[in-house]
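Here is the structure we will look at, set down as structure tokens.
Everything numeric in this text was worked out from a predicted model, so none of it was measured.
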Amino acid sequence: QVQLVESGGGLVQPGGSLRLSCATSGNIFSLAVMAWYRQVPGKQRESVATIATGGTANYAESVRGRFTISRDNAKNTMYLQMNSLKPEDTAVYYCNAVLRTTPWSPPINYWGQGTRVTVSS
């Protein structure tokens, strides 16, 4: 059973920083693209940043220059360093990963349970 578990969320003042982690566990043969999404009540879940196996990253315009996505392929773990946080960054942040559990299985999309980030003074 594959699991993605986020950690690192919390309450931070505007201008502050947080580092989110996404740890994977279970039977993982290969891990492809990983991503961070976020969602606020009443709105659709939106992509924040994605990172390919080789490290190529893409960011939403709203976070570019403030957030940095990274991954440790040896540990199958992903991170999101969030700096200069703004109140509009307040959301539940979700880890997403596309992975195969066996060499012959199709790639499957997995989600974590989310970690809440609140930016407020």
Next item on the list: Report yes if the side chains of M78 and I69 come closer than 4.5 Å at any heavy-atom pair, otherwise no.
Entry: yes
Item checked: Residue pairs involving residues 34-89 (criterion disulfide (SG to SG under 2.5 Å); sequence neighbours excluded) -> none
Next item on the list: Measure from the side-chain N and O atoms of N76 to the backbone N and O of S25, and report whether any donor-acceptor pair falls under 3.5 Å.
Entry: no
Note to self: Going by salt bridge (Lys or Arg N to Asp or Glu O under 4.0 Å), name the pairs with one or both residues in residues 46-61, residues two or more places apart or in two chains.
What the structure shows: R38-E46, E61-R64
Next item on the list: Treat each ILVMFWY residue as a node, draw an edge where side-chain heavy atoms are under 4.5 Å apart, and state whether V33 and I28 are in one component.
Entry: no
Notebook entry, point to check: Below 4.5 Å, heavy atoms only, C-beta onward: do R71 and L31 meet side chain to side chain?
Noted result: yes
Check: Minimum heavy-atom separation for R66 to L85, with atom names?
Finding: NH1-CA, 3.9 Å
Item checked: V2 and L99, any side-chain heavy atoms less than 4.5 Å apart -> yes
Checklist line | Heavy atoms from other residues, nucleotides or ligands near CD of Q3 exceed 12 (cutoff 6.0 Å) | finding: no
Checklist line | Counterpart residues, salt bridge (Lys or Arg N to Asp or Glu O under 4.0 Å), relative to E88 (two or more places apart) | finding: none
Checklist line | Linked hydrophobic residues, F29 as query - side chain contacts closer than 4.5 Å | finding: none
Checklist line | Validation row: T115, L20 side chains within 4.5 angstrom (heavy atoms) | finding: yes
Note to self: How long is the straight-line distance from CG of D89 back to OG of S120, given to the nearest 0.5 Å?
What the structure shows: 12.5 Å
Checklist line | Minimum-distance pair of heavy atoms, taken over all atoms of V98 and P107 | finding: CG1-CB, 3.7 Å
Notebook entry, point to check: Under the disulfide (SG to SG under 2.5 Å) rule, what pairs show up with a residue in residues 54-87, not counting sequence neighbours?
Noted result: none
Checklist line | For N96, all residues meeting side-chain hydrogen bond (donor to acceptor under 3.5 Å, both in side chains), sequence neighbours excluded | finding: N109
Check: Does any non-hydrogen side-chain atom of V40 lie less than 4.5 Å from one of T90?
Finding: no
Item checked: Cluster check M34, I108: I/L/V/M/F/W/Y, side chain < 4.5 angstrom -> yes
Note to self: Quick test of your reading: applying ring pair (Phe, Tyr, Trp, His ring centres under 6.0 Å), list the pairs with at least one residue in residues 72-95, sequence neighbours left out, ordered by first then second residue.
What the structure shows: none
Checklist line | Residue list, side-chain hydrogen bond (donor to acceptor under 3.5 Å, both in side chains) with N58, at least two apart or on another chain | finding: none
Next item on the list: With rounding to the nearest 0.5 Å, note down the distance linking CD in Q113 to CG in L4.
Entry: 9.0 Å
Checklist line | Common cluster, Y110/V92, ILVMFWY with side-chain heavy-atom separation under 4.5 Å | finding: no
Next item on the list: Kindly say whether T77 contributes a backbone atom to a donor-acceptor pair with the side chain of T24 at under 3.5 angstrom?
Entry: no
Notebook entry, point to check: Quick one: ring-ring contact (aromatic ring centres under 6.0 Å, His included) partners of Y37, sequence neighbours excluded?
Noted result: W111
Checklist line | Pairs touching residues 10-21 that satisfy side chain to side chain donor-acceptor pair (under 3.5 Å), sequence neighbours left out | finding: S17-N83
Checklist line | Pairs touching residues 63-121 that satisfy disulfide (SG to SG under 2.5 Å), sequence neighbours left out | finding: C22-C95
Check: T68: what forms a side-chain hydrogen bond (donor to acceptor under 3.5 Å, both in side chains) with it, not counting sequence neighbours?
Finding: none
Next item on the list: For S105 and T101, work out which heavy atoms get closest and say how close.
Entry: OG-N, 3.3 Å
Next item on the list: Kindly compute the distance separating CD (Q39) from CZ (R116), expressed to the nearest 0.5 Å.
Entry: 10.5 Å
